[in-house]
Number of protein chains: 2
Amino acid sequence: MITYSFTDIGSDSLYIHLYKCIKKDIIQGVLHAGEKLPSKRSLAKNLNISVITIENAYAQLIAEGYVYSVPKKGFYVADIMSLHKKEETILSTENVRLSSGSTGYFADFTSNQTSSEHFPFSIWAKLTRELLTHNQPELLTNSPCGGILPLREAIAKHLKDFRNMTVTPEQIIIGAGTEYLYGLLIQLLGFHKRYAVEDPGYSKISQIYESHHISCYFASMDAFGVNISDLERQEIDIVHISPSHHFPTGIVMPVSRRYELLAWAAKSGMRYIIEDDYDSEYRLNGQPIPTLQSIDVQEKVIYVNTFTKTLASTVRISYMVLPKHLVNTFYSRLYFYSCTVSNFEQYTLARFISEGYFEKHINRMRSYFHNKRDKLLNAIEKSPLAAYVTISEEDAGLHFLLKINTELSDEEFLQRLEQSGIKLSSLSQYYRIPPQKVEHIFIVNYSFVAEENIDKAIQLIYRSLF
Amino acid sequence: MITYSFTDIGSDSLYIHLYKCIKKDIIQGVLHAGEKLPSKRSLAKNLNISVITIENAYAQLIAEGYVYSVPKKGFYVADIMSLHKKEETILSTENVRLSSGSTGYFADFTSNQTSSEHFPFSIWAKLTRELLTHNQPELLTNSPCGGILPLREAIAKHLKDFRNMTVTPEQIIIGAGTEYLYGLLIQLLGFHKRYAVEDPGYSKISQIYESHHISCYFASMDAFGVNISDLERQEIDIVHISPSHHFPTGIVMPVSRRYELLAWAAKSGMRYIIEDDYDSEYRLNGQPIPTLQSIDVQEKVIYVNTFTKTLASTVRISYMVLPKHLVNTFYSRLYFYSCTVSNFEQYTLARFISEGYFEKHINRMRSYFHNKRDKLLNAIEKSPLAAYVTISEEDAGLHFLLKINTELSDEEFLQRLEQSGIKLSSLSQYYRIPPQKVEHIFIVNYSFVAEENIDKAIQLIYRSLF
């Protein structure tokens, strides 16, 4: 039985001394995890002290997690190995990413962050002020789980006007970012379905599926978009695509492939297509191609879009349009979720859209990005870099592809750029297993790069070649 | 082979007529799902029309999802049964819950909605205005995935001042409502762990676990809170509790049970306790009991709290405090998620807390609810209802228990109340399998009932007894 000397007790009380002795033995491994401690009575007898002293010492050890009691059995040493390791946990500022999203590069061609000079602050402030003054009861009335009606009505009208989509407000579900909506979709469509994402693709989507322990497969792409044979071969139920403007290749899926994809989905009641229309507002040249949702008569398409690209990446509002038969399933199964977007911002955005500010804002942004793209293309053309590059997919969205004629490996080139303060990503980084032919192709996302830095950035890219 | 007459073609073109004929046969089931259609060439020969006409008709049928093509094989009839059913889907306003959260009862003793007369609109408007004017770059700079630093610092200080909890801002993760945070916790702690919730309990929590296809078990309660033997018996890894004020029983877990629970968790590295402290700010009498988090030395407790109770149910901001060793796991596994709360509201709330407004607001609300509770208890005491009821657990949170001496079944009584415009819930409704002894106990949540309706509401409850 454990025995301790009480000669070196100092100013401690008996129970504190005993507590310290046992704690030390546990920490040093003299007493092992799971080991039974003597009963209070027998230890009291052994140490020749009162039962109440033992009781107090044990209570303190239990309180601090070193010992646990099993009713009617006795006291046991807790497993404190994990405690030991935990005491060493160091939270560095870096490893918990307290730092903000601003990137510190001279030119970051990978960031989607929107710039504050283009956010319509004065209109937003005006609408917020009016709402906080005149609409207090609505602001404090719980939102339906799909979002407040005025915002869903405004979005339905916007979709009609801009994408020629006929949807009812009931089909629209508002959520705090598309990432959140993907989580809801998994709960709606099922954890045991087989999901596919595009390869190459936006890695966050597969990360979300994998984080939900979902079977997530990768479907290859040809010049028209996702390969349907790959969906068939892998027995996919749900495919997640961005047909309007694929990231990173920039491919716009032609109508023929869209119909083939709808036909693929029509073959089974389990099959659905998640259409991520994330930057369709920024098509710069040519007619927009109809969304899959708008040509889908079989109710196979779930349309997803966001205001984080068009308004601000820091205002977290996205939405999805469910096929009608899924609306009822959604409400019967997921009705208990509160809407994740605050009423204050839902009402502000509803008015921002319905009073025409959103349309004006998009037009302004489109012409701003059109200009910026032209400036960037011009800067390349004027520079000696022009002799080494081929540009493609520059008509849609906020990025294009730059093929560079160089002997440098992608890794080496990107490293050199990084040293010059330029952040760029390579097409190969977005592949599960990058094929040979995508070497030396880079993605130029120009949304966050300051216009005045463009010329210098091109110069720096050129210099990094040698 | 299918054959159609072209005599009744009317003004249709040949291909439209053919398309309509085939479509009709598919809808009426003359042509079956999966049936192969004749090749274009052979059908053209059979009908004595051009191949291009067949091609156009088939293309239209494919476009509308009635037919699909299999490369190198031919054309097949799609499975339109689901389409049929879908066409009948009716979206009633009711089944998609477009209606707002306001309840339409004379007195709703079940709603958690906060009332607009108590929200600090003028301060909120002032802070918003200042931020939109002076802090534009911060507002548009992407938030770290755990939330902006000033808000996490303000919460850490608040937890120190009000709950005597010592936590670093790095341990705090901000999210759009506790429901969202529970989803993150499942991804962090694992889909294959065994989770337990309290029985009786707040049904939304088990709904969320079940919606994520998690093994969710139910642990019974005694007078001190959750039964640890039930956790052992069911081999639970993660237990989700509200020890400060259990809903609906109102039990405040004594310190002894808290230590027992921590000891339970210490026995295995897999075990964790989710401590939901949802309404601890509203303890009306007596000293608050220390949170589990503050007496946890083994890093076993994940603390969760929300501003939806203290500020507004429509402002969706909650947070969790992770044990240090889980912080690094969180960031290494879930770093790719964007914070779900918009920067605009994160910054507003950060200033609302750090400038002392939140403390004042809580104090004001606590005294308001104290008053309201007293008014309600008085109204019961003065009423003939007093002879039929026993009140318990009235010292904490915003609800208490009312035991009514009646022969009526709970169901019958609640139905009668409903007819009088009173919404009340019974304790039995919150049990997985309600035991006999909880008959005739009702939960009186007084947060949303207008003060001026209290006397009348008590009268209506009394009358419903006979």
Side-chain angles (χ1 to χ4, degrees), chain A residues 62-65 68 78 82-83 86 89 91 95-98 100-102 113-114 116 119 121 125 128 132 136-137 140-142 144 149 170 176-177 179-180 183 187 191 204 207 211 213 259 262-263 266 269 297-299 312-316 324-325 327-328 331 336-338 340 342-343 345, chain B residues 62-65 68 78 82-83 86 89 91 95-98 100-102 113-114 116 119 121 125 128 132 136-137 140-142 144 149 170 176-177 179-180 183 187 191 204 207 211 213 259 262-263 266 269 297-299 312-316 324-325 327-328 331 336-338 340 342-343 345:
Chain A
I62 290 171
E64 296 187 6
Y68 61 89
S82 45
L83 174 62
K86 282 160 204 162
T89 307
L91 295 176
N95 71 13
V96 298
R97 299 177 205 230
L98 276 178
S100 73
S102 75
Q113 190 165 303
T114 38
S116 69
F119 186 82
F121 278 108
T128 305
L132 287 171
Q136 301 185 352
L140 272 277
T141 300
N142 287 345
L149 185 56
E170 290 87 346
E179 300 162 14
Y180 172 70
Q187 293 173 61
F191 280 79
K204 204 182 266 196
Q207 284 172 318
S211 180
H213 281 239
Y259 280 124
L262 288 170
V297 293
Q298 293 260 36
E299 301 195 5
S313 50
T314 59
V315 174
R316 307 301 303 171
K324 288 191 177 173
H325 72 283
V327 173
N328 290 332
Y331 281 98
F336 56 84
Y337 279 113
S338 305
T340 40
S342 96
N343 270 16
E345 297 200 331
Chain B
I62 291 171
E64 296 187 7
Y68 61 89
S82 45
L83 175 62
K86 283 158 204 165
T89 306
L91 296 176
N95 71 12
V96 298
R97 299 177 204 228
L98 275 178
S100 73
S102 76
Q113 190 166 303
T114 38
S116 70
F119 186 83
F121 278 109
T128 304
L132 288 171
Q136 300 184 354
L140 271 277
T141 300
N142 287 346
L149 184 56
E170 288 87 346
E179 300 162 13
Y180 172 70
Q187 293 172 61
F191 280 78
K204 204 181 265 197
Q207 285 172 316
S211 180
H213 281 240
Y259 281 122
L262 288 171
V297 293
Q298 294 259 36
E299 301 196 5
S313 51
T314 58
V315 174
R316 307 301 303 172
K324 288 192 178 174
H325 72 283
V327 173
N328 290 332
Y331 281 97
F336 56 83
Y337 278 114
S338 304
T340 42
S342 95
N343 271 16
E345 296 199 330

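A, B, ... follow the sequence lines: proteins, then strands. Residue 1 opens every chain.
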Considering all heavy atoms of both residues, which atom of [X] and which atom of [Y] are nearest to each other, and what is their separation?
| X | Y | answer |
| --- | --- | --- |
| Ala176(B) | Ala176(A) | CB-CB, 4.3 Å |
| Ala78(A) | Ala266(B) | CB-CB, 4.1 Å |
| Ser342(A) | Glu345(B) | OG-OE2, 2.7 Å |

Partners of Ser338(A) by side chain to side chain contact (heavy atoms under 4.5 Å, CB included), sequence neighbours excluded?
Glu179(B), Lys204(B), Arg316(B)
The criterion is side chain to side chain contact (heavy atoms under 4.5 Å, CB included); which residues satisfy it with Thr314(B), sequence neighbours excluded?
Leu140(A), Asn142(A), Asn343(A), Phe344(A), Ala312(B)
Starting at NE2 of His213(A), measure out to CZ of Phe191(B) and round the result to the nearest 0.5 Å.
6.0 Å
Of the backbone (N, CA, C, O) and the side chain (C-beta and beyond), which part of Phe119(B) lies under 4.5 Å from a heavy atom of chain A, both, or neither?
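Phe119(B) touches chain A through side-chain heavy atoms alone.
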Would you please classify the geometry between the Tyr180(A) ring and the Tyr180(B) ring as parallel, tilted or perpendicular, with 30° and 60° separating the classes?
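Plane angle over 60°, so perpendicular.
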Is chain B contacted by the side chain of Thr128(A), its backbone, both, or neither, given a heavy-atom distance below 4.5 Å?
side chain
